[in-house]
Structure formats: C-alpha cells, structure tokens
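Encoded as structure tokens, the structure appears first; notes follow it.
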Amino acid sequence: MKRILLILSLIFAFNPAFAAVADQHSAKGMECASCHGPEKPSSANISEEICIKCHGETPNGKPFKFEGHEVKNIHAGHFDAYECMKCHKGHQPSVLACSECHKGGADIKVP
C-alpha cells in the first residue's frame, strides 16, 4: 500500500491536473477515501464537513501582510462562515478568493 501511495504522490507531483490539496494529503500517506469516502472519488462526495473534521472550523494559517495590514489568520476574517473549497482546490491550483473583492495578495500562495 505504501508503494502505491508513493507512486500516486509522484504522479500527482508531476501532473498539473493534480495540485495543492490532493498532493499534500497524498504526500502524507492519505488515500482518496480519507476525503471522498468509500465511493468512487468525485466532486459529489466531498464537502466542507470533511475538511472541518480534521482541520477545525477556523484552522490556523500563516501570518502575512495583505493590503498593508498584518493578517494573523486569514480563516478568522470578517465573514462568519467560510467555504474551504472557495480557495482550496483538490485537483486544480488553489486560489485566493479574497482577491474577488480585495486587490492585494497576488504573491500569496494558497495551499
């Protein structure tokens, strides 16, 4: 099983179709079923609740400067509810959804 996970990690690392979240979880030895459940993985069987089970409702983020302000945890911002997958994408590059309204943060890398 570890050999399969290693092979999958290498495939994901060199395939731009698989990026960010899936890569990071795979590299830590997690299988698709960890997030998608026992069914065939698809966008229909992934949800915010699955993210929250491991990461909590407001996970810690790295502090950074955004539009001249020190941001200690982007997840504890000015909205009451966050949608994890608004920024964090499983099999495509993640995005900084804050940039939809705010014009800073072009150099911020979202895992």
Under the side chain to side chain donor-acceptor pair (under 3.5 Å) rule, collect the residues that match up with T58, sequence neighbours excluded.
none

Which residue in the set S47, C51, P59 passes side chain to side chain contact (heavy atoms under 4.5 Å, CB included) when paired with C84?
C51

Residues forming a side chain to side chain donor-acceptor pair (under 3.5 Å) with E70, sequence neighbours excluded:
none

With I74, the side chain to side chain contact (heavy atoms under 4.5 Å, CB included) member among V110, L96, N60
L96

H88 vs Q24, side chain to side chain contact (heavy atoms under 4.5 Å, CB included): CA-CA, chis, key distance, verdict:
CA-CA 11 Å; H88 304 282; Q24 291 176 10; over 6 Å; no

Atom pair NE2/CG of H91 and D23 - distance to nearest 0.5 Å:
9.0 Å

The criterion is side chain to side chain donor-acceptor pair (under 3.5 Å); which residues satisfy it with H102, sequence neighbours excluded?
E67

On a heavy-atom basis, the closest approach of S34 and I50 is O-CG2, 4.2 Å

Can you tell me how far CE of M30 sits from SG of C32, rounded to the nearest 0.5 angstrom?
10.0 Å

Grab the two heavy atoms, one from K89 and one from Q92, that are nearest each other, plus how far apart they are.
CB-O, 3.2 Å

Measuring only between side-chain heavy atoms, which start at C-beta, is H75 closer than 4.5 Å to H55?
no

Checking the side chain of H36 only, and the main-chain atoms of S42 only, is there a donor and an acceptor separated by less than 3.5 Å?
yes

Shortest non-hydrogen contact from E100 toward K103:
O-NZ, 4.1 Å

Please check if the number of heavy atoms outside E57 that lie under 6.0 Å from its CD is greater than 12.
no

